[in-house]
Number of protein chains: 2
Amino acid sequence: MGASKTEHFSQRQNTIAQLAKALAHPARVAIIDYLLGVDACICSDIVNELPLAQPTVSQHLKELKTAGLIKGSIEGNAICYCINTDVVEILQNYFAQITQKINLKKTTCC
Amino acid sequence: MGASKTEHFSQRQNTIAQLAKALAHPARVAIIDYLLGVDACICSDIVNELPLAQPTVSQHLKELKTAGLIKGSIEGNAICYCINTDVVEILQNYFAQITQKINLKKTTCC
DNA sequence: TTTATATATTGCAATATTACGATATGCGAT
DNA sequence: ATCGCATATCGTAATATTGCAATATATAAA
């Protein structure tokens with residue numbers, strides 16, 4: 001196979017999985033790191049920052065953009081990428097909820 | 001290729017990516033959901049809960065376990081799986097940090 | 001217009017993931 | 001010991017991901 005049976009799961013579960021997948025590669029985590037660290041939302045020195053060839057970086061950026069984690073806008077002949085706050089919030093809420101449920105439970109098992 | 005160049009990234013970045021990858025499939029998100037919802041850390045009715053064959057579920061459980069997100073302990077002839085609080089916390093902190101950095105910045109761009 | 005720079009796309013090879021049938025393993029009950 | 005249940009592992013097919021060279025595109029600068 002190789003294809004996930006997404007149709008059998010809830011939309012929420014698929015959304016979380018898709019966002020998680022977008023962060024499931026260290027290069028993409030590194031891109032997010034970089035965008036958080038840069039003051040002005042300066043564009044793709046990202047290519048220079050990462051130990052990967054330009055087409056590979058471009059591909060990773062595309063995946064982050066498709067997932068909605070980052071936005072990109074054309075700025076002259078360069079492109080300005082930056083984090084999409086709203087979508088990051090979805091993930092933050094997800095983990096906050098998990099933690100809350102864990103704390104509510106406290107039935108130590110395993 | 002197909003293999004990530006993990007050696008070029010920081011340990012932290014690789015850790016986050018690995019944990020994210022563990023959640024990068026709706027079935028695994030569903031497993032976490034289930035474990036959070038069940039009171040007693042009851043074992044693998046998980047197979048009955050999911051629309052996947054038993055070997056497939058077993059494989060997903062293994063991935064969650066390898067990533068450290070869940071723990072499993074033998075309980076008679078069944079196995080008791082439950083969430084590993086400590087590791088979930090890593091992800092929660094990660095997103096909390098991101099959100100904090102975003103809020104500190106507030107230089108609206110894009 | 002030519003040239004340089006920034007980014008995206010294409011095509012392909014290597015590898016990883018997903019899914020499951022068949023089969024093994026391990027334990028409790030009979 | 002034998003049976004049945006719960007899990008795991010193996011083997012394999014279908015598909016997805018990763019990475020990059022080559023190439024295309026698009027804008028800015030000369």
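Naming convention: chains lettered A, B, ... in sequence-line order (proteins, then strands); numbering from 1 in each chain.
Checking C/dA8, D/dT15, C/dT15 against the side-chain heavy atoms of B/Ala3 singles out C/dT15 as nearest. Checking D/dA6, D/dC20, C/dA22 against every side-chain atom of A/Pro55, the shortest atom distance belongs to D/dC20. Counting only heavy atoms from C-beta on, A/Gln54 has its side chain closest to C/dT7 among D/dG19, C/dT15, C/dT7. Of the listed nucleotides (C/dT18, C/dA6, D/dA6), D/dA6 has the atom at the smallest distance from the side chain of B/Ala78. For A/His25, counting side-chain heavy atoms from C-beta on, the closest listed nucleotide (C/dA16, D/dT18, C/dC20) is D/dT18. For A/Ser58, counting side-chain heavy atoms from C-beta on, the closest listed nucleotide (D/dT9, C/dA8, C/dG21) is C/dA8.
OP1 or OP2 of D/dT17 lies within a sub-4.0 Å distance of a side-chain N or O belonging to A/Lys21. B/Thr56 has no side-chain polar atom (N or O) that falls below the 4.0 Å cut-off from OP1 or OP2 of C/dA19. Here A/Tyr81 does not reach the OP1 or OP2 of C/dA6: none of its side-chain N or O atoms lies under 4.0 Å away.
Exactly one residue among B/Ile79, B/Ile70, B/Thr66, B/Val47 makes a side chain to side chain contact (heavy atoms under 4.5 Å, CB included) with B/Leu61. That residue is B/Ile70. With B/Phe9 as the partner, the side chain to side chain contact (heavy atoms under 4.5 Å, CB included) test is satisfied by one option alone out of B/Ile16, B/Asn14, B/Thr15: B/Asn14.
By the 4.5 Å heavy-atom criterion applied to side chains, A/Leu69 and A/Asn84 are not counted as neighbours.
The nearest whole Å value for the distance from the CG atom in B/Leu52 to the C1' atom in C/dC20 is 10 Å. When the P atom of D/dT7 is taken as reference, atom CD1 of B/Ile74 falls 11 Å away, rounded to whole Å. In this entry the distance linking NZ of B/Lys65 with C1' of D/dT7 reads 11 Å, nearest Å. Between A/Glu63 atom CD and D/dT17 atom C1' the separation is 7 Å, expressed in whole Å. If you take CG of B/Leu61 and C1' of D/dA8, they are 11 Å apart, rounded to a whole angstrom. As a whole-Å value, the separation of B/His60 NE2 from D/dT7 C1' is 16 Å. Rounded to whole angstrom, the span from the CG atom of A/Leu64 across to the C1' atom of D/dT18 amounts to 14 Å. Atom-to-atom, CG of A/Asn77 to C1' of C/dT2 comes out at 16 Å; the value is rounded to the nearest Å.
A donor-acceptor pair under 3.5 Å is formed between the side chain of B/Arg28 and the backbone N or O of B/Ala22.
Sequence order on DNA chain C of the closest nucleotides to B/Ser4 and A/Thr6 puts B/Ser4 first from the 5' end.
Heavy atoms only, all atoms of each residue included: B/Lys21 and A/Ala24 are closest at CA-CB, 3.5 Å.
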